[in-house]
Amino acid sequence: AKLKGIPHLSSKWDIFCDNLHVFDKCRDNVTAWMQVNTGWRDRCTDENMERYKGIPLRTEANLVFNNPAVAIEIGLLEVLRFHVEEKGVDVNRRFWNGFNSDNVHLSNDLLIKLALFRGDIDILDFLLSVDGFDFSRMGEEEDEGELEHAIIFSCFEEYRLVNEQCFKAFIRHPKVNVEALDYFGCTPLCAGLHLLDRWTSRDGARFPLTSAGFDRLAGRILVLLEVGANPHALDPMNRISLIDYARSALGRHTESRHWRAIVQKMEEMSISSAGE
């Protein structure tokens, strides 16, 4: 059947491109169009997917149905599911570009990273549930490590920030390993503590944090502890336990409320585990 309202859908794309922050409104518009035009899947072809894989320069109606990165940005789980389950899109492949790919950190990047920035928990859950999803990928092509570590670094303003609710949903997902080791043998908790210590010491020129970013990083360390990250894991850089590292950091930064809260949480966990 001939699809209706293509010019109308294209006009909605124009509105979206002028207001990239209006994700939910655009999702609602396209979803309403899909409900009328139930044959939208026919617009997704191999030829069209190849055509629309690059950074979107056009506002053609076919775009969202042929580019999973754009489907994620708008929040269209049904379209993304079709891409993965019916069209064979590889969730581990760096291939697709969305509207935010002018940000160097989101160009040709993993779909899971786009989902984390979008902040859509349903899309995040779907991608994590795909058989064969590979956690051993960091956010940048040249890096080695685990996705669990990469999300800790999303506190920085040079990246688009990961939605805090989405961060908590990710780190609590049953497939996520909070004890995963990176290239240096550090757990996510270890990496977060080192980063917080460097910034508290003002040795963080490479990764400048605003006050809000500092709060986010400390908050994510506490979330890691809440979900069971081991405070007695070894810090491979200093050859001491993470709780001893945190205590030494508190000794250096005695006025820091963040370090006080982290050490207090670690000690509470130690007391609790000793009593079991």
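Keep in mind that the numbers below use all heavy atoms, side chains included, and drop hydrogens, waters and symmetry copies. Numbers here are sequence positions counted from 1. On a predicted model such as this, the values are computed, not experimentally measured, just so you know.
Note on Val227: it does not cluster hydrophobically with Ile121, by side-chain heavy-atom contacts below 4.5 Å among ILVMFWY residues.
Shown here for Leu225 and Pro231, the closest heavy-atom pair between the two residues is CD2-CB, 4.4 Å. When all heavy atoms are compared, the tightest approach of Gly132 to Asn92 is O-ND2, 2.8 Å. The shortest non-hydrogen separation linking Asp46 to Lys87 is OD1-NZ, 3.5 Å. Taking both residues in full, the closest heavy atoms of Asn66 and Arg43 are given as ND2-O, 3.0 Å, listed atom of the first, atom of the second, then distance. Annotation for Glu179 and Gly228: closest pair OE2-O, 3.8 Å, computed over non-hydrogen atoms. Summarising the geometry of Arg27 relative to Leu76, their closest heavy-atom pair is CG-CD2, 3.8 Å, with the distance given to 0.1 Å.
The side-chain hydrogen bond (donor to acceptor under 3.5 Å, both in side chains) check on Asn48 picks up Thr45, with sequence neighbours excluded. Qualifying salt bridge (Lys or Arg N to Asp or Glu O under 4.0 Å) partners for Lys168, counting only residues two or more places apart in sequence or in other chains: none. Listed by chain and number, the residues in a side chain to side chain contact (heavy atoms under 4.5 Å, CB included) with Val176 are Phe135, Glu148, Phe170, Ile171, His173 (sequence neighbours excluded). The salt bridge (Lys or Arg N to Asp or Glu O under 4.0 Å) check on Asp122 picks up nothing, with sequence neighbours excluded. The salt bridge (Lys or Arg N to Asp or Glu O under 4.0 Å) test applied to Glu50 returns Lys53, not counting sequence neighbours. The side-chain hydrogen bond (donor to acceptor under 3.5 Å, both in side chains) search around His232 returns Ser270, not counting sequence neighbours. Every residue meeting the side-chain hydrogen bond (donor to acceptor under 3.5 Å, both in side chains) condition with Arg257, not counting sequence neighbours, appears here in chain and number order: Asp215. For Ala69, the side chain to side chain contact (heavy atoms under 4.5 Å, CB included) partners at least two apart in sequence or on another chain are Asn67, Trp96, Leu111, Leu114. Here Ser241 pairs with Asp244 under the side-chain hydrogen bond (donor to acceptor under 3.5 Å, both in side chains) rule; sequence neighbours left out. For Gln35, the side chain to side chain contact (heavy atoms under 4.5 Å, CB included) partners are Thr31, not counting sequence neighbours. A search for salt bridge (Lys or Arg N to Asp or Glu O under 4.0 Å) contacts involving Glu268 returns nothing, not counting sequence neighbours.
Both tests do not hold together for Arg41 against Phe65: distance to the six-membered ring centre under 6.0 Å, angle to the ring axis within 45°.
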- Message: Working note: His253 + Asp197, criterion side chain to side chain donor-acceptor pair (under 3.5 Å); need CA distance, chi angles, decisive distance, verdict.
- Response: CA-CA 9 Å; His253 314 300; Asp197 191 14; 2.7 Å; yes
Using atom types as modelled, flag every donor-acceptor pair under 3.5 Å from a side chain in residues 185-194 to any protein atom, sequence neighbours excluded.
{"from": "Thr187", "atom 1": "OG1", "to": "Cys190", "atom 2": "N", "distance (Å)": "3.1"}
{"from": "His194", "atom 1": "NE2", "to": "Asp235", "atom 2": "OD1", "distance (Å)": "3.2"}
{"from": "His194", "atom 1": "NE2", "to": "Asp235", "atom 2": "OD2", "distance (Å)": "3.0"}

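Here the side chains of Met49 and Val89 are in contact, with some heavy-atom distance below 4.5 Å.
Side chain of Thr254 to main chain of Gly251: no donor-acceptor pair is present (N/O by atom type, distance under 3.5 Å, no hydrogens or angles). Distance alone, capped at 3.5 Å, places no donor-acceptor pair between the Asn37 side chain and the Trp40 backbone. At least one donor-acceptor pair under 3.5 Å links the side chain of Asp182 to the backbone N or O of Phe184. For the pair Lys265 (side chain) and Leu222 (backbone), a donor-acceptor distance under 3.5 Å is absent.
Rounded to the nearest 0.5 angstrom, Glu78 CD and Ile123 CD1 are separated by 11.5 Å. Atom-to-atom distance recorded for Ile74:CD1 and Asp28:CG is 11.0 Å, nearest 0.5 angstrom. Rounded to the nearest 0.5 angstrom, Ile221 CD1 and His258 NE2 are separated by 9.5 Å.
Between Arg81 and Glu86, none of the side-chain N atoms (NZ, or NE/NH1/NH2) sits under 4.0 Å from a carboxylate O, so this pair counts as no salt bridge.
Ring-centre distance between Trp259 and Phe214: not below the 6.0 Å cut-off.
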